[in-house]
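To start, the structure itself, in structure tokens.
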There are 2 protein chains.
Amino acid sequence: MRVDTQESGTRTRTRQAIIDAAIEVLGQNATATLGEIAAAADVGRTTLHRYFAERSDLLKALSAEGVTRLNRAADNARLDEGTGADALRRLCHEYFELGSLLSLIFSEPQLIDDADWSERGGCDPQLSALVERGHRDGTIDPELPATWVQSVLWSQLYAGWSYLADTHISRYEALRLVVRTLSGAIAPKS
Amino acid sequence: MRVDTQESGTRTRTRQAIIDAAIEVLGQNATATLGEIAAAADVGRTTLHRYFAERSDLLKALSAEGVTRLNRAADNARLDEGTGADALRRLCHEYFELGSLLSLIFSEPQLIDDADWSERGGCDPQLSALVERGHRDGTIDPELPATWVQSVLWSQLYAGWSYLADTHISRYEALRLVVRTLSGAIAPKS
DNA sequence: CCTTTATGGAACAGACGTGTTCCGCTATAG
DNA sequence: CTATAGCGGAACACGTCTGTTCCATAAAGG
């Protein structure tokens with residue numbers, strides 16, 4: 001995918017600054033202006049257009065960046081180890097670190113859906129396998145389909161991230177609440 | 001609040017049609033055009049402006065309508081009866097009936113926040129009292145603050161409503177999943 | 001029959017975001 | 001010192017949404 005001609009160090013830094021700023025700003029307000037994104041990245045709007053000719057080009061770059069970060073988080077969570085519920089809790093921890101990207105993906109799902117990630121029926125295969133393992137090992141409520149578990153995971157992550165932004169709670173406490181309620185939500189009922 | 005001069009029957013019907021259409025359309029896409037809303041209401045854009053001079057006027061009316069529907073749902077749920085968890089489940093049932101209004105409130109929270117509803121610290125008093133009752137009667141995890149329970153309730157409702165729209169599941173099944181995971185999420189941990 | 005009420009459509013001006021061009025500035029490498 | 005890379009700002013055309021005005025039409029009531 002990488003083109004033959006390498007990009008200068010300055011340029012890659014600027015490009016990355018724009019992408020990072022876009023994730024922050026668009027995570028707060030999906031309809032933000034290119035001018036606002038440029039200002040957040042501390043660059044002129046002209047410069048932004050130099051790197052991403054059209055808005056859609058920036059969104060494509062954001063999609064790629066999102067997929068990269070999601071995959072890295074999933075790798076760190078070692079989804080194939082331990083019980084299904086434990087793996088899901090580890091994934092929850094890793095995903096929570098994504099920060100503003102959570103808001104962006106949650107409020108603009110088609111940004112990622114259109115990418116090659118999660119091509120199968122709106123649920124990525126790794127998570128699906130994880131949930132089925134949890135069904136077998138008795139740590140995830142067998143009445144909950146994998147797609148619904150995925151929905152619950154994302155909605156809880158988004159709620160936790162928003163809660164962190166709205167209240168005076170610590171990041172650690174917010175994550176603890178998310179994991180606690182998520183664990184209860186997916187636990188088999190007695 | 002009601003003005004002295006009563007509105008004609010036709011006008012109240014048209015006004016209500018516009019409000020209903022706005023909830024539907026803005027629930028799907030919060031940046032929808034006034035033209036799209038007018039089309040959905042089967043009304044000319046001129047007519048829409050006759051009832052709501054500016055976009056903000058329409059939003060104010062939506063806020064009032066939202067508060068009305070929320071209060072009616074809360075009344076139907078009889079929040080002061082039974083255990084805290086049971087009351088919360090009843091509220092979940094009632095709120096789920098709000099349909100597209102769920103999406104609208106969830107994606108545009110400031111629409112309702114700015115109204116007189118839920119003036120206290122982002123959590124309405126009725127729900128707060130309900131959760132505290134659940135803490136005392138042992139049906140709601142005492143480690144979960146009322147504000148977080150409210151966040152979980154709303155995020156689950158939104159997730160369920162989106163799930164209903166995205167998959168081929170029945171309305172009944174979607175609500176069942178929501179109530180099941182919500183019940184587990186708030187249940188005291190053994 | 002004629003007036004009131006409610007409406008739709010055409011047309012317009014203003015505001016705003018977008019995409020582009022052009023020019024000037026600064027820093028760094030050669 | 002000079003040439004190049006990278007950047008910012010001003011300006012422009014274009015499209016879209018908004019808010020408004022004006023006029024024509026259809027239905028209902030007196």
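Since we're looking at a predicted model, the values are computed, not measured. Chain A is the first sequence line, chain B the second, and so forth, proteins listed ahead of strands; every chain is numbered from 1. Keep in mind that the numbers below use all heavy atoms, side chains included, and drop hydrogens, waters and symmetry copies.
- With sequence neighbours excluded, the residues that form a salt bridge (Lys or Arg N to Asp or Glu O under 4.0 Å) with A:R11 are A:E7.
- Listed by chain and residue number, nothing satisfies the salt bridge (Lys or Arg N to Asp or Glu O under 4.0 Å) test with B:R13 (two or more places apart in sequence, or in another chain).
- Taking atom CD1 on A:I18 and atom C1' on D:dG8, their separation rounds to 13 Å, with Å as the unit.
- Residue pairs that meet the salt bridge (charged side-chain N to carboxylate O under 4.0 Å, His left out) test with at least one member in residues 138-151 of chain B, sequence neighbours left out, are A:R176-B:E143, A:R180-B:D141, B:D141-B:K189.
- One interatomic measurement links the two molecules: CG of A:D42 to C1' of D:dG6, which rounds to 15 Å at whole-angstrom precision.
- Among residues at least two apart or in separate chains, side-chain hydrogen bond (donor to acceptor under 3.5 Å, both in side chains) pairs with a member in residues 157-167 of chain A are A:Y163-B:T147.
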What side-chain donor-acceptor pairs closer than 3.5 Å can you find for residues 43-55 of chain A, not counting sequence neighbours?
from, atom 1, to, atom 2, distance (Å)
A:H49, ND1, A:R45, O, 3.3
A:R55, NH2, A:A32, O, 2.3

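- What separates CZ of B:R13 from C1' of C:dT7 is a distance of 14 Å, to the nearest Å.
- With sequence neighbours left out, B:D20 forms a side chain to side chain contact (heavy atoms under 4.5 Å, CB included) with B:Q16, B:R69.
- Residues satisfying the side chain to side chain contact (heavy atoms under 4.5 Å, CB included) test with A:T68, not counting sequence neighbours, are A:R72.
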Inset, instruction - Sugar-phosphate atoms are those with a prime plus P, OP1 and OP2; base atoms are the rest. Using that split, label each nucleotide of nucleotides 22-30 of chain C B, S or - for protein heavy atoms under 4.0 Å, 5' to 3'. - result: ---------

Inset, instruction - Produce a footprint string for nucleotides 12-19 of chain D: one letter per nucleotide, 5' end first; B if the base is under 4.0 Å from any protein heavy atom, S if only the sugar-phosphate is, - if neither. - result: -----SBB

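- Distances shorter than 4.0 Å separate none of the side-chain N or O atoms of B:Y51 from OP1 or OP2 on C:dA6.
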Give me the distances for all protein-to-nucleotides 28-30 of chain D N/O pairs that come in under 3.5 Å?
none

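- Heavy-atom minimum distance, B:L111 versus B:S63: O-OG, 3.0 Å.
- Checked by atom type and distance alone, the side chain of B:S183 pairs as donor or acceptor with a backbone atom of B:V179 at under 3.5 Å.
- For B:Q126, the side chain to side chain contact (heavy atoms under 4.5 Å, CB included) partners at least two apart in sequence or on another chain are B:A74, B:L79, B:D124.
- Atom pair A:L48:CG and D:dG6:P shows a separation of 16 Å (rounding to whole Å applied).
- A search for salt bridge (Lys or Arg N to Asp or Glu O under 4.0 Å) contacts involving B:D57 returns B:K60, not counting sequence neighbours.
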